[in-house]
Amino acid sequence: MAQGLTKKSEDFSQWYNEIVRRAELADYAPVRGCMVIRPYGYALWENIQATLDRRFKETGHQNAYFPLFIPHSFIQKEAQHVEGFSPQLAVVTHGGGEELEEPLVVRPTSETIIGHFFAKWISSYRDLPLLVNQWCNVVRWEMRPRLFLRTSEFLWQEGHTAHASLEEAEAEARLILDIYAEFAEKEAAIPVIQGRKSESEKFPGALVSYTIEGMMGDRRALQMGTSHNLGQNFARAFGIQYLDRDNQLKYCWTTSWGVSTRLIGAILMVHGDDQGLILPPRLAPIQVVVVPIYKSAEERTQVLEVCRRVQEALGGRVRLKVDDRDEYTAGWKFNEWELRGVPLRIEIGPRDVAAGQVVLARRDVPGREGKWAVPLSGLVEEVEKALEDIQRDLLRRAREFRDAHTHHPQDWEGFREAVEDGFAFAPWCGDAGCEAEIQAETKATNRCLPLDQPQLPAGAKCVRCGRPARETALFARAY
RNA sequence: CGGAGAGUAGCGCAGCCUGGUUAGCGCGCAGCGUUCGGGACGCUGAGGUCGGCGGUUCGAAUCCGCCCUCUCCGACCA
């Protein structure tokens, strides 16, 4: 086990804080709630960005950039939006040494400023749909920050689109949700539940909010991405109108959607173990680390020569690092790279040189069980296959874990036990008061109303109040 | 913002209760030598506004007040 690392099973929060810092992903900033994302953590974010950005562009979206500062009056134009975000706003009152005429809000999200411009840019049905995205930082004042999961400033992407009909906006919101879910499973190796947020949980100003919810290693839920059908709420607030084919002036239907650096937290909490991080190969900044093993100078020369050849063979195909630092022993490096979550290690020592082979070691399979020798001749294929196997097994393992802690209680007693253990899919009446009582009594919140609705049994009753159930909801304790 | 805990070398901690030479320990760091298939070892050395400000005192890491930061638990949230 890693030196001095708190065990995941003993204190999950402590474990999380330690691996984030010891793996050199992030550091605390001098300002409360803010963090520094270190190069290794940022490289992970860049890989997340790259794969999402490709998907956004493939579906017709273009990147743009809108300003950090938003006139205070903008935020107040949409009633629910103001109410939802006011407590979290950072407001700039001074600039250039003088008090500003109108305070500036540091964007908590950009619906308002983008709405303002959409109104200017859209005049005809021919301008629709308008599909933009921006990668940026946002600020939401946080009472209780946690690295990556909840910081006052965080990085994200926010997509904003305008459409000619409710149906198109709805289709957009759902398309993006599918992209998020596909990203989570294929890239981050995290299975997610797609669902609709209840009235009390939805985005301030949205008609409908969709979410992907994942189960973390402590069996708590994490919202990993949201996509909102904003209806005409922001269009009306900002005058986003177009002249339709029938020469009628109509309000647009808009959407917004985002995922943030919180995803990094999710990846850590889903896959990590007592040794540290386990990064899914498709997102890992370093997919393969080569560790040379030698005693004498002569052995060193021979081993490093093989390392060089391995780098040449694999370097263009996988993200690879040769750790040829002389000042650390091989065993030390094994632990170090395991802590940092590199999915596959290649060990090369004198015995391997003599045998014309190398030893591969899977991060997700500890000890001898995860090690095997591979002849140099077949290395490229074997490494690529191993990375695919690891990616697939991480998802499978995460899914098995989630499913083992997912329950379908039909009564209150069963429900209480279920949310103690993990996810509870339960019949629910749809009433916000009932939802609040459930939270007050169990700490579990309504995560979503799953899109994939199980058939409710005839005469199903709300798990809490006993009134007729309207649909199945997913309840869990959440971040 | 309410409750609890913490802040002393890069990291982890002791010292504080009971004020008093030069503030210690482990790891890490630097140099040299021996090592190297799962976190090696020896010797030498560098490194401190004791979180900040103010107070009490002949004297404060130690006592008092205010503030800042972090962690955990609550209310709010991507």
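Just so we're on the same page: letters track the sequence lines, and every chain starts at 1.
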Query raised in the report: Hey, does the side chain of A:Arg32 come within less than 4.0 Å of B:rC70's phosphate (OP1/OP2), counting only N and O?
Result: yes

Query raised in the report: Hey, does A:Lys371 reach any base, or is it just sugar-phosphate, or nothing, if we go heavy atoms under 4.0 Å?
Result: base

Query raised in the report: Just checking A:Asn17: base, sugar-phosphate only, or nothing, at a heavy-atom cut-off of under 4.0 Å?
Result: sugar-phosphate

Report summary line: Re B:rC17: Watson-Crick or G-U wobble partner, both distances kept under 3.5 Å, found to be none

Report task. Just call it for A:Gly265: base, sugar-phosphate, or nothing, with non-hydrogen atoms closer than 4.0 Å on any strand. Result -> nothing

Query - Length of the CZ-C1' vector between A:Arg220 and B:rG74, whole Å - result: 12 Å

Query raised in the report: Given the C1' atoms of B:rG28 and B:rG65, what is the spacing between them in whole Å?
Result: 37 Å

**Report entry** N-O pairing of A:Arg55 and A:Glu182 below 4.0 Å
**Finding:** yes

Report task. Hey, which sits more toward the 5' end of RNA chain B by its nearest nucleotide, A:Lys443 or A:Gln14? Result -> A:Gln14

**Report entry** Donor-acceptor pair present, A:Arg345 side chain and B:rG38 base, under 3.5 Å
**Finding:** yes

Report task. Output, in order, the C-alpha distance, side-chain angles, deciding distance and verdict of side chain to side chain contact (heavy atoms under 4.5 Å, CB included) for A:Ile48 and A:Trp45. Result -> CA-CA 5 Å; A:Ile48 292 169; A:Trp45 177 237; 3.9 Å; yes

Report task. Please evaluate the base of B:rG37 for a donor-acceptor partner in the side chain of A:Lys295 within a cut-off of under 3.5 Å? Result -> no

Requested in this report: Give a yes or no answer on whether the side chain of A:Tyr16 reaches the backbone of A:Leu147 with a donor-acceptor pair at less than 3.5 Å.
Outcome: yes

Query raised in the report: How far, in whole Å, is B:rG47 from B:rA9 if one measures between their P atoms?
Result: 15 Å

Report summary line: Re B:rG59: Watson-Crick or G-U wobble partner, both distances kept under 3.5 Å, found to be none

**Report entry** Exercise: do A:Gln357 and A:Asp352 side chains pair donor with acceptor under 3.5 Å
**Finding:** yes

Query raised in the report: Within the pair A:Tyr328 and B:rC29, is there a side-chain N or O less than 4.0 Å away from OP1 or OP2?
Result: yes

**Report entry** P spacing across the pair B:rU21 / B:rC29, given as an integer number of angstrom
**Finding:** 34 Å

**Report entry** Distance in angstrom units between A:Trp15 CH2 and B:rU71 P, rounded
**Finding:** 16 Å

Query raised in the report: In Watson-Crick or G-U wobble terms, both distances under 3.5 Å, what is the partner of B:rC72?
Result: B:rG3

Report task. Send over the distance from A:Tyr28 OH to B:rC70 C1', rounded to a whole Å. Result -> 6 Å

Query raised in the report: Partner of B:rC66 by Watson-Crick or G-U wobble geometry, both contacts under 3.5 Å, or none?
Result: B:rG52

Report task. Rounded to the nearest angstrom, tell me the gap between atom CZ in A:Arg340 and atom C1' in B:rG38. Result -> 19 Å

Requested in this report: Give a yes-or-no answer on whether the side chains of A:Trp257 and A:Asn133 include a donor-acceptor pair shorter than 3.5 Å.
Outcome: no

Query raised in the report: In whole angstroms, how far is the P atom of B:rC32 from the CG atom of A:Asp326?
Result: 12 Å

Report summary line: Residues at least two apart in sequence or cross-chain that pass salt bridge (charged side-chain N to carboxylate O under 4.0 Å, His left out) with A:Glu158, listed by chain then number, are none

Query raised in the report: On a whole-Å scale, what distance lies between the C1' atoms belonging to B:rG10 and B:rA30?
Result: 13 Å

Query raised in the report: Do A:Thr112 and A:Glu78 have a side chain donor and acceptor closer than 3.5 Å?
Result: no

Report summary line: Taking a pair to mean Watson-Crick or G-U wobble geometry with both distances below 3.5 Å, B:rC77 pairs with none

Query raised in the report: What residues, two or more places apart in sequence or in another chain, satisfy side-chain contact (heavy atoms from CB on, under 4.5 Å) together with A:Ala476?
Result: A:Ala221, A:Phe423, A:Arg447

Query raised in the report: Could you give the CD-to-P distance, from A:Glu336 to B:rC27, as a whole number of Å?
Result: 18 Å

Query raised in the report: For B:rC36, which nucleotide in any strand shown is its Watson-Crick or wobble partner with both distances under 3.5 Å?
Result: none

Report task. Kindly point out which of B:rC36, B:rU69, B:rC72 is positioned nearest to the side chain of A:Tyr294? Result -> B:rC36

Query raised in the report: Given atom CD of A:Glu327 and atom P of B:rG28, what is their separation to the nearest angstrom?
Result: 13 Å

Query raised in the report: How many Å lie between CG on A:Leu5 and C1' on B:rG12, as a whole number?
Result: 13 Å

Query - Complement of B:rA46, any strand, by Watson-Crick or G-U distances under 3.5 angstrom - result: none

**Report entry** Short side-chain N/O contact from A:Arg368 to OP1 or OP2 of B:rG38, under 4.0 Å
**Finding:** no

Query raised in the report: Checking all strands, does A:Gly258 fall into the base, sugar-phosphate, or nothing category for heavy-atom contacts under 4.0 angstrom?
Result: nothing

**Report entry** A:Trp337 side chain to A:Asp323 side chain, donor-acceptor N/O pair below 3.5 angstrom
**Finding:** yes

Report task. Would you please say whether a donor-acceptor pair under 3.5 Å links the side chains of A:Gln223 and A:Lys197? Result -> yes

Query raised in the report: Can you tell me how far P in B:rC16 sits from the matching atom in B:rG7, rounded to whole Å?
Result: 13 Å

Query raised in the report: The side chain of A:Ser13 lies closest to which of these nucleotides: B:rG39, B:rG74, B:rC72?
Result: B:rC72

Scan nucleotides 76-78 of chain B against the protein and return all N/O pairs shorter than 3.5 Å with their distances rounded to 0.1 Å.
from: B:rA78; atom 1: O3'; to: A:Gln223; atom 2: OE1; distance (Å): 3.4
from: B:rA78; atom 1: O3'; to: A:Gln223; atom 2: NE2; distance (Å): 2.5
from: B:rA78; atom 1: O3'; to: A:Arg262; atom 2: NH1; distance (Å): 3.4
from: B:rA78; atom 1: O2'; to: A:Arg262; atom 2: NH1; distance (Å): 3.3
from: B:rA78; atom 1: N6; to: A:Thr151; atom 2: N; distance (Å): 3.0
from: B:rA78; atom 1: N6; to: A:Thr151; atom 2: O; distance (Å): 2.5
from: B:rA78; atom 1: N3; to: A:Ser260; atom 2: OG; distance (Å): 3.1

Report summary line: Walking RNA chain B from its 5' end, the first of A:Ala330 and A:Ala440 to be reached, judged by nearest nucleotide, is A:Ala330

Query raised in the report: Given the P atoms of B:rU49 and B:rC11, what is the spacing between them in whole Å?
Result: 12 Å

Query raised in the report: Base, sugar-phosphate, or nothing for A:Val359, non-hydrogen atoms under 4.0 angstrom?
Result: base

Query raised in the report: When all nucleic acid strands are considered with a 4.0 Å heavy-atom cut-off, which category describes A:Glu299: base, sugar-phosphate, or nothing?
Result: nothing

Query - Interatomic distance at P, B:rU44 relative to B:rG5, whole Å - result: 43 Å

**Report entry** P gap between B:rA46 and B:rC1, integer Å
**Finding:** 45 Å

Query raised in the report: Side chains of A:Thr445 and A:Gln439: is there a donor and an acceptor less than 3.5 Å apart?
Result: no

Requested in this report: Both distances under 3.5 Å, Watson-Crick or G-U wobble: report the partner of B:rG12, or none.
Outcome: B:rC25

